[in-house]
Amino acid sequence: MGDKKVNRRDFINSTMRLTAAVAVGGLAGMAVGKSNSGQYVWQIDPFECTQCGRCATECVLSESAVKCVHAYDLCGYCDLCGGYFKPGVKNLETAAEYQLCPTAAIERKFIEEPYFEYVIKKDLCIGCAKCVAGCTSFGNGSLHLQILHDICVDCNECAIARACPSDAIRRVPADDPYLIKGNFSPDEPAEWVNKS
Amino acid sequence: MTNNQRNRTILNRIVFILLFSMLAISSFAQTQRFPKPEFETGYSQPSPDTPEPRALGIEYLDVLVLVLALSLASWLAIRKRSRKGLMWLSVFSLLYFGFYRLGCVCSIGAIQNVALTLSDPAYAISIPIILFFVLPLLFTLFFGRTFCASVCPLGVLQDLVIVKPIHIKPWLQKALGLIPYIYLGLAVLLAATGSDFIICRYDPFIGFFRMGASFTMILLGVVFVLMGLFVARPYCRFLCPYGVLLGWMSRFSKSHLSITPAECIQCKLCEHSCPFDVIDEPTEELKHEEKIKNRKRFTIFALLIPVWMFLGGLALSGVHGFLAKAHPDVYLAELLIKNPGLKNDTENLDVQTFLASGKTMEQLVSEASVVKSEYYTGSWILGVFLGLVIGVMLMNQFIVRKRTDYEPNKTGCFSCGRCMDYCPVKK
Ligand code: SF4
Ligand code: SF4
Ligand code: SF4
Ligand code: SF4
């Protein structure tokens with residue numbers, strides 16, 4: 001009788017094991033059916049971003065992975081740059097008090113009369129979007145924020161994506177990890193990526 | 001500067017300022033306001049700086065390392081019976097999955113990706129994440145929780161800091177052991193509704209791996225480590241949602257670490273060796289009347305399970321509105337309905353962004369109510385699940401399984417191998 005009991009227990013165990021295996025397998029199968037062999041990373045859609053400033057503070061890293069990127073192709077090389085100067089400045093000079101950027105991360109270089117090139121110093125930029133706001137409302141909008149993937153640790157859920165009031169951050173394929181203005185159109189279908 | 005040039009500059013500025021003020025009030029924000037200049041000096045324009053992310057190949061390398069670590073851990077726990085080996089493997093896993101891979105994506109967090117992909121048609125999960133979710137479960141189904149023993153970076157971090165584990169009363173262990181079920185259920189609900197990934201957000205140890213986090217998260221991590229000196233593996237035992245799944249697998253595992261390699265000689269040396277109090281003692285032979293009484297109680301509690309399930313569902317669906325606030329849309333909609341005055345609060349970013357987006361209040365409310373109805377269904381399921389868990393737990397009290405030897409409790413045992421070391425029987 002003791003043997004029978006052991007046998008019965010073994011039988012229950014193997015049945016349960018099989019059930020568990022089928023359950024896990026089924027779950028995995030269903031997930032594989034919806035999977036994508038590629039990897040994805042987080043990126044900001046510059047056409048959705050409303051320059052709220054949270055990118056500077058919400059990243060899990062102490063130095064935000066978000067920085068300003070300059071799409072030179074779209075830049076007007078303006079003398080009076082809406083992203084560089086504080087609104088209402090009269091002297092278009094390079095002194096820090098005239099600059100919009102709180103860390104003076106934008107470098108203004110004279111090219112030829114009357115054009116200037118604006119270069120972002122990556123190590124100074126904190127991703128606050130102040131310049132982006134200026135450039136977008138008064139200029140061509142060539143300055144915009146992107147998540148830089150040499151800094152980003154690719155969180156399972158981007159902390160900024162959750163905090164972003166405009167839902168501007170979404171997953172993009174890792175082999176095409178940037179949404180640089182001018183290189184993609186805002187209505188590009190987001191096919192397999194989601195906007196959780 | 002020649003006169004001509006100066007004039008040009010001034011003219012330019014005037015045109016500029018004119019355009020500037022015109023465009024500031026115009027609304028088509030994204031059109032090219034100023035044409036790209038044609039440079040005369042042969043200036044070539046730089047391209048934006050876009051550093052590449054980690055290559056996809058490395059993601060599969062991680063999976064390979066996971067498989068190797070799981071195999072090695074299982075071999076060490078079951079064949080080699082080496083506590084030392086498990087410990088060295090732990091150190092490796094802590095360094096690789098923890099500090100090098102920065103603890104992300106981990107199997108625990110992968111629960112949420114799986115939940116989201118099954119509920120949201122637009123979300124495609126990646127294969128490495130599925131593998132991170134499935135492989136430890138399958139290994140556990142065959143060899144017990146060797147993943148917990150020395151692969152999971154969170155687990156090994158806690159295991160390596162155990163100094164003087166205190167004994168926790170069984171009833172308290174049971175009660176606290178309910179938290180992981182609740183956490184699992186909530187995490188799945190919030191992930192499936194696209195609200196939040198709470199397992200990732202409240203991972204107490206990831207701040208150490210990344211060497212930086214918000215102050216509260218670092219504080220939480222420190223509290224867990226300090227607590228872990230005395231309460232062994234507090235996160236594993238009283239929070240980890242993946243541990244729930246692993247426990248189910250381990251309970252029916254094909255093989256499992258055993259305390260003694262041969263026959264137990266009832267020396268009781270291993271009795272207090274387990275820092276997690278998961279060694280089951282030999283059972284005493286029950287009296288006949290006791291057995292009958294137990295069987296009766298068992299039947300009663302088995303019959304009560306549907307009642308618990310119903311009550312659970314009823315209770316949680318009653319608070320679905322509260323739970324739904326985890327979703328930003330629901331939160332914002334309710335906030336604005338309650339305090340319409342907030343619309344004038346220029347400091348409130350979420351409100352201002354919503355107002356500027358051109359979305360109407362009706363749209364927001366209807367979106368929020370869709371989410372809310374998902375929450376209604378979801379919290380019914382969650383409540384039924386928790387009712388089932390509690391019901392089964394109460395029922396199980398009256399199953400007395402005959403045990404003649406000291407054995408690890410297969411559900412709770414982390415296969416850490418400490419008890420093996422205490423057993424005087426060697427071979
Ligand atoms: S949080 Fe969103 S809206 Fe705010 S700056 Fe970042 S991307 Fe733009
Ligand atoms: S994924 Fe993480 S590290 Fe990257 S930008 Fe978002 S919060 Fe920062
Ligand atoms: S119980 Fe959870 S946290 Fe602990 S080792 Fe296992 S999977 Fe990791
Ligand atoms: S291997 Fe032994 S000491 Fe370790 S958790 Fe399991 S029963 Fe406890």
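In what follows, chains are A, B, ... by sequence order, proteins preceding strands, each numbered from 1. All values below were derived from every heavy atom in this structure, side-chain atoms included, with hydrogens, water molecules and symmetry-related copies excluded.
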Do the side chains of B:R210 and A:V60 get nearer than 4.5 Å, heavy atoms only?
yes
Are B:I130 and A:S35 close enough that some pair of their side-chain heavy atoms sits under 4.5 Å apart?
yes
The interface call for A:S62 against chain B, heavy-atom contacts under 4.5 Å, is neither
Backbone N/O of B:S119 and side chain of A:K34: donor-acceptor pair under 3.5 Å
no
Could you walk me through whether A:R162 and B:R201 pass side-chain contact (heavy atoms from CB on, under 4.5 Å), step by step?
CA-CA 10 Å; A:R162 158 126 183 117; B:R201 199 130 76 102; 3.4 Å; yes
Could you check if a side-chain atom of B:P48 sits within less than 4.5 angstrom of a side-chain atom of A:Q146, using non-hydrogen atoms only?
no
If you count heavy-atom pairs under 4.5 Å between each of B:L137, B:L245, B:N113, B:I199 and chain A, which one has the most?
B:N113
Contact origin within B:I129 toward chain A - heavy atom pairs under 4.5 Å
side chain
Do A:Y77 and B:Y43 have ring centres separated by under 6.0 Å?
yes
Is it the backbone or the side chain of A:Y178 that comes under 4.5 Å from a heavy atom of chain B, or both, or neither?
side chain
Proximity breakdown for B:Q352 and chain A, heavy-atom pairs closer than 4.5 Å
neither
Whatever's closer than 4.5 Å to a heavy atom in chain A on B:E59 counts as side chain
Checking heavy-atom separations under 4.5 Å from chain B, one finds in residues 18-29 of chain A A:A20, A:A21, A:V24, A:L27, A:A28
Passes side-chain contact (heavy atoms from CB on, under 4.5 Å), B:D196 versus A:E157? Steps please.
CA-CA 8 Å; B:D196 203 350; A:E157 186 188 47; 3.3 Å; yes
